[in-house]
Amino acid sequence: MHLLSASCVCALLIAALLRQVSGLETVTGLYGETLEIPCNVGALKAEDILMTKWKYDKGEGLSGDLLVKQKNQTVSISASDEYKDRVSMAANSSLLLSAAKLSDQRTFTCMVVASADITEYPVNVVIHKKPTNLEISDKAEELEIGKLTKLGTCVAEAANPAANITWLKNNKPLVADGKGISIQASVQVDPVTGLSTTSSVLEYSAGKEDTDAQFTCSTQHATGAELISTPVIFTITYSTENMVLQVIAQEPLVEGDNVTLKCVADGNPAPTSFNFHLKGELVKVENADTYTITNVSRDTTGEYKCSLIDNATMQASKDITVKYLDINLSPSGKIVKKAGETLDLTLQIDASGDSKVSWTKDNVKLDKEPKFSKVTYSDSGRYECGVTVGLLSRKASFELFVEGAPVIRQLTKQRGEDGTHKVLICEAEGSPKPAVSWSINGTSLDESPFVNGKITHKITVVPTANLTVSCTVSNEFGADTRAINVSSLFEDVRVDKSDQSDDNDQTKMVVGVVVGLLVATVVIGLAYWVYMKKSKQGSWKTGEKENGSSEEEKKLEEKVEENSQKAEV
Ligand SMILES: *[C@@H]1O[C@H](CO)[C@@H](O)[C@H](O)[C@H]1NC(C)=O
Ligand SMILES: *[C@@H]1O[C@H](CO)[C@@H](O)[C@H](O)[C@H]1NC(C)=O
Ligand SMILES: *[C@@H]1O[C@H](CO)[C@@H](O)[C@H](O)[C@H]1NC(C)=O
Ligand SMILES: *[C@@H]1O[C@H](CO)[C@@H](O)[C@H](O)[C@H]1NC(C)=O
Ligand SMILES: *[C@@H]1O[C@H](CO)[C@@H](O)[C@H](O)[C@H]1NC(C)=O
């Protein structure tokens, strides 16, 4: 009977084992929490179950009892080991295991006895734990560009299974490439808890773009939890790669100015001291990046350099050009020349570049540089030359006074429009301003302004007889006189009174325009009366028109003109 039952149990066990192999289920629990291990009774109804028993696999083929529940009875804990206080059973036969640990990762089996059936449901238990903490330690103080440096260690503490660590830069994963990125991970298992601590060391070769980059590490755990460490930012250091020498000076840079040389270099930290190479002289400047040259001269022009104190090959250079413009105009000041003399003009220009020269005379632009092989009165004036080289400009001037005895250029006559008077015009040249005088009294019409050594003097006369009038011009250097024949406005009258021709010329003149006109009116009246009288006597001759229509008069005028021109030459 015992044997039979034993073989029967054995057969049942074999049947159960077959089920067990085919239906092995895995339940995952969280470390430290209560784990429910279900007893998959399938279609069985709770009231059909006579007994439920939980046991576990102790290893080496041994099993340990945990608890038993008989129908209509309370659960009885049969465990005597560490499970004694941690197990209980739910109404649906699930085993509740509190404070799950890694050592609970084994097979738990639920054995159910129903009317004529005994079934075993083995369940495989797995315990997971996410890392308690994830942080970057052992951080590098700074990252030097291009140098593989240990950036830090990311530690994921106490996890099961062991955490996989991913390094990220600006939230993008970093992948070891054997050059600029190297990642070494290691796992340590706590002998007591069995939990794994993963450490990942990142060695990183930074670039300039890593300034302000955020480095983090993260784990994506089997529990589904994602952990991200607090981000870390590094100071990126690099040695100087670029250097520029700046020249700070006003434009144009001229003699007497100051010039500041400024050495601008990159690098982090940036260099603070420099060597300045000043045309052969070396000046070391500490805690500053500038050097000022004061009161530059044309000798300052040249090449300047700056270099790093600890690396002379790192240098920058710049040319400095001091602009200058010196001019020397000879003559200068006040120059007095006699008309006809020669004046030699020299303009010396000493400049840092090509120059442009312009000339003005009395503020009026001249087309070209003046030449004075024979100075004339019209050459008098203030001459100024302006020289420019780039933005630089200089001016120099002299004032030329041409002086000499006056010369009459022209002595002419014109008949007044109303025929009652004549205008005599004396044009003279000379300097200083000549005084003009006439051999007869007349009304001075006007005297032109004295310009370019020229003066024009006009008088109005009312000649009552043929006259020879002379104009005299004079100044401290001499005098000139010229005469002109003026025919009478009152020829007929004069013909009558020809016996009185030895009268003084002056007495034949009537003075002044107003007086002249008044007298002229009277005289014309008288002339008319005489005419009337003469025409009665029949002795009237064809009257000449003094406006030049008469052939004789014309010829005379031409002769006068010729003579006056001869006099000019
Ligand atoms: C068993 O009962 C517990 C509550 O006591 C419940 O949380 C669990 O989901 C049930 N399990 C099954 C497999 O029905
Ligand atoms: C500037 O230098 C010139 C000579 O190059 C000198 O004559 C002058 O006195 C200097 N001026 C000042 C202000 O130092
Ligand atoms: C001009 O007239 C004034 C009187 O009005 C006389 O004194 C003078 O002598 C006259 N001059 C000549 C040159 O005849
Ligand atoms: C005056 O001059 C005119 C020519 O201009 C001449 O015909 C005339 O005879 C002259 N009269 C006297 C009195 O000389
Ligand atoms: C003026 O006339 C006289 C003759 O009456 C003559 O001899 C003289 O040359 C003339 N003078 C001029 C300037 O024409």
Side-chain angles (χ1 to χ4, degrees), residues 16 19-20 22-56 66-77 83 85-100 104 107-114 117 119-128 223-224 247-261 278-281 283 290-304 319-328 350-352 389 392 394:
R19 279 176 179 250
Q20 185 182 319
S22 61
L24 184 64
E25 195 185 335
T26 297
V27 167
T28 304
L30 291 178
Y31 185 89
E33 296 185 9
T34 297
L35 168 66
E36 185 215 337
I37 307 168
C39 180
N40 195 354
V41 295
L44 277 181
K45 288 176 185 162
E47 58 264 35
D48 295 339
I49 297 172
L50 300 174
M51 185 189 82
T52 307
K53 178 180 174 180
W54 277 97
K55 55 186 182 176
Y56 70 98
L66 291 172
L67 49 79
V68 177
K69 181 174 185 307
Q70 304 270 0
K71 192 175 183 184
N72 299 328
Q73 286 185 16
T74 56
V75 175
S76 136
I77 308 288
Y83 286 116
D85 300 320
R86 293 174 53 213
V87 292
S88 59
M89 203 175 84
N92 55 15
S93 301
S94 291
L95 176 69
L96 300 172
L97 179 60
S98 67
D104 297 333
T107 303
F108 289 80
T109 304
C110 154
M111 193 182 80
V112 177
V113 180
D117 212 3
T119 320
E120 283 201 339
Y121 301 99
V123 178
N124 192 31
V125 167
V126 171
I127 303 297
H128 280 175
T223 55
V247 172
I248 302 163
Q250 62 192 57
E251 188 59 36
L253 172 62
V254 297
E255 292 184 316
D257 283 353
N258 293 348
V259 168
T260 297
L261 302 173
L278 316 167
K279 303 215 302 175
E281 187 194 351
V283 177
T290 58
Y291 180 83
T292 298
I293 308 168
T294 55
N295 190 20
V296 299
S297 71
R298 60 195 68 181
D299 299 333
T300 309
T301 297
E303 190 190 32
Y304 290 76
D319 286 332
I320 292 180
T321 306
V322 178
K323 304 274 182 8
Y324 60 93
L325 172 57
D326 294 340
I327 67 169
N328 187 3
D350 187 10
S352 54
V389 171
L392 290 185
R394 297 282 184 274

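Indexing begins at 1, ligand by ligand and atom by atom, following the structure's order.
Residues meeting the side chain to side chain donor-acceptor pair (under 3.5 Å) test with N92, sequence neighbours left out: S94. Remark: Y83 pairs with Y56, F108 by the ring pair (Phe, Tyr, Trp, His ring centres under 6.0 Å) rule, at least two apart or across chains. Partners of S98 according to the side chain to side chain donor-acceptor pair (under 3.5 Å) rule, which considers only residues two or more places apart in sequence or in another chain, do not exist here.
Heavy atoms of other residues, nucleotides or ligands lying less than 6.0 angstrom from CD of Q250 number 12 at most.
Proximity of K323 to E251: side-chain heavy atoms (C-beta onward) are separated by under 4.5 Å at one or more points.
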Between ligand 1 and the protein, find all N/O pairs closer than 3.5 Å and give the distance for each.
unit_1: ligand 1; atom_1: 2 (O); unit_2: N92; atom_2: OD1; d: 3.2
unit_1: ligand 1; atom_1: 2 (O); unit_2: N92; atom_2: ND2; d: 2.3
unit_1: ligand 1; atom_1: 11 (N); unit_2: E36; atom_2: OE2; d: 3.1
unit_1: ligand 1; atom_1: 11 (N); unit_2: N92; atom_2: ND2; d: 2.8
unit_1: ligand 1; atom_1: 14 (O); unit_2: N92; atom_2: ND2; d: 3.3

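Considering T28, D104, I127 as possible partners of L35, the one that fulfils the side-chain contact (heavy atoms from CB on, under 4.5 Å) test is I127.
Not one N or O of S297 is nearer than 3.5 Å to an N or O of ligand 2, by distance alone.
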